[in-house]
A.B. asks: 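Provided herewith is a single structure, encoded as structure tokens, for subsequent inquiry.
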Amino acid sequence: MDEQPRLMHSHAGVGMAGHPGLPQHMQEGTGGADGDGRKQDIGDILQQIMTITDQSLDEAQARKHALNCHRMKPALFNVLCEIKEKTVLSIRGAQEEEPPDAQLMRLDNMLLAEGVSGPEKGGGSAAAAAAAAASGGAGADNSAEHSDYRAKLAQIRQIYHTELEKYEQACNEFTTHVMNLLREQSRTRPISPKEIERMVAIIHRKFSSIQMQLKQSTCEAVMILRSRFLDARRKRRNFNKQATEILNEYFYSHLSNPYPSEEAKEELAKKCSITVSQVSNWFGNKRIRYKKNIGKFQEEANMYAARTAVNATNVSSHGSQANSPSTPNSAGGYPSPCYQSDRRIQ
DNA sequence: GTTTATGATTACAA
DNA sequence: TTGTAATCATAAAC
């Protein structure tokens, strides 16, 4: 801070030399007692300008007013204009065009896809929709998980919008404040409209970087929510007893060829309130486990065989169709547990 | 706490 | 694409 008055003296000296806009008494003031007095005068004024920020607001206002009314103000203003001109010229070259922010675009796209930004999608989301489609919309637990997911996503959405609004409001307020300040200052120092524009652009850049942090945090929150949601789906849950019975019934009644067709799988899935892929998984697991330890499944096989026989008797006496889904692969009857498949199980 | 049962996932083959 | 085999992760039984 001690250095500044000296620097200002030096600048003023450079700026004033031969300046056409300066009053005569300033241009010739390079020597003699009178010149020294004027230098002292200018020095004092500049000193006052430099110390203005250290003073209280009322005092500063009073001083500002005094400086505005000072007889040398127009001359000093011109000097400052010249310094400014030179400074701006040197800055101008350093400015560069901003590249389009790819990161910001990615964040925006993701927030839009997840339903956080953009129009309300009735609480839905890409993840929930995809998950719902994948699961075939089966099971009450699934819909409970979905609504929980949607509720949490809506919470994130609300926080995001509230924060965004706050940031925008703060940005506008701050910009207005700075613009007013600069306009006020333009009475004592040269400030072009372009400079104000530049300052506004700087403020907006700063605020958009804050906004980007908000967007980043929101994206992270959505990702965490999403992974938790998917983890919950991944969590194993045993099928209910009825579903297992239906699947076992089909398996043992088609033991010679336990490969349900696509239609049969769909029918089983519907009956058991599970997905077709769960039916496929179940049959895959069952086949391999049965094959690995036929002895262990003997009792189970006999039990279901007996049940199937009873069903068949009922069917023949009532003339209605069998309970289990039909399949072109079905061999019917009750084969030996050590079945010989025409497929891969041997 | 350990073991068993079972649904899901993965790599691979046909 | 579908099925097999191995494996993982977890619920359920002990």
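Residue numbers begin at 1 in each chain, while the letters A, B, ... track the order of the sequences.
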A.B. asks: How many whole angstroms separate atom OH of A:Tyr290 from atom C1' of C:dA5?
C.D. replies: 19 Å
A.B. asks: What pairs with A:Arg106 under side chain to side chain donor-acceptor pair (under 3.5 Å), at least two apart in sequence or on another chain?
C.D. replies: A:Gln103
A.B. asks: Report the nucleotide, chosen from B:dA8, C:dG3, C:dA12, that has the shortest atom-to-atom distance to any side-chain atom of A:Asn238.
C.D. replies: C:dA12
A.B. asks: Rounded to whole Å, please give me the gap between CZ in A:Arg289 and P in B:dT9.
C.D. replies: 14 Å
A.B. asks: Looking for any heavy atom pair under 4.0 Å, which part of the strands does A:Phe239 touch: base, sugar-phosphate only, or nothing?
C.D. replies: sugar-phosphate
A.B. asks: Side-chain N or O of A:Tyr259 less than 4.0 angstrom from OP1 or OP2 on C:dT4?
C.D. replies: yes
A.B. asks: Quick check for you: among C:dA5, B:dG7, B:dT9, whose closest atom lies nearest to any side-chain atom of A:Asn281?
C.D. replies: B:dT9
A.B. asks: Using the side-chain heavy atoms of A:Lys292, tell me which of these nucleotides is nearest: C:dA6, B:dG7, C:dT4.
C.D. replies: C:dA6
A.B. asks: Could you give the CD-to-P distance, from A:Glu263 to C:dT2, as a whole number of Å?
C.D. replies: 12 Å
A.B. asks: For A:Lys166, check side chain to side chain donor-acceptor pair (under 3.5 Å) against everything at least two apart and list the hits.
C.D. replies: A:Glu163
A.B. asks: Is it the case that more than 12 heavy atoms not belonging to A:Glu168 sit under 6.0 Å from its CD atom?
C.D. replies: yes
A.B. asks: Which of these nucleotides, C:dG3, B:dG7, C:dA6, is closest to any side-chain atom of A:Thr244?
C.D. replies: B:dG7
A.B. asks: Atom CD1 of A:Ile288 to atom C1' of B:dA8: distance rounded to whole Å?
C.D. replies: 15 Å
A.B. asks: Atom CG of A:Asn293 to atom P of B:dT6: distance rounded to whole Å?
C.D. replies: 12 Å
A.B. asks: How long is the line joining NZ of A:Lys291 and P of C:dA5, in whole Å?
C.D. replies: 3 Å
A.B. asks: Would you call A:Lys286-A:Glu300 a salt bridge at under 4.0 Å N-O?
C.D. replies: yes
A.B. asks: C:dG3 P sits how many Å from A:Lys286 NZ, rounded?
C.D. replies: 17 Å
A.B. asks: In whole angstroms, how far is the C1' atom of C:dT2 from the CH2 atom of A:Trp282?
C.D. replies: 18 Å
A.B. asks: Pull out every protein N or O sitting under 3.5 Å from an N or O of nucleotides 1-4 of chain B, one pair per line with the distance.
C.D. replies:
none

A.B. asks: Under the side chain to side chain contact (heavy atoms under 4.5 Å, CB included) rule, collect the residues that match up with A:Arg307, sequence neighbours excluded.
C.D. replies: A:Glu245, A:Glu249, A:Met303, A:Tyr304
A.B. asks: Restricting to side chain to side chain contact (heavy atoms under 4.5 Å, CB included), what partner residues turn up for A:Cys219, sequence neighbours left out?
C.D. replies: A:Leu107, A:Met110, A:Leu111
A.B. asks: To the side chain of A:Asn285, which of B:dT6, C:dT2, B:dT9 is closest?
C.D. replies: B:dT9
A.B. asks: Does a side-chain N or O of A:Gln278 approach OP1 or OP2 of B:dA8 to a distance below 4.0 Å, or not?
C.D. replies: yes
A.B. asks: Taking only residues two or more places apart in sequence, or in another chain, which ones meet A:Phe283 in a ring-ring contact (aromatic ring centres under 6.0 Å, His included)?
C.D. replies: A:Tyr250
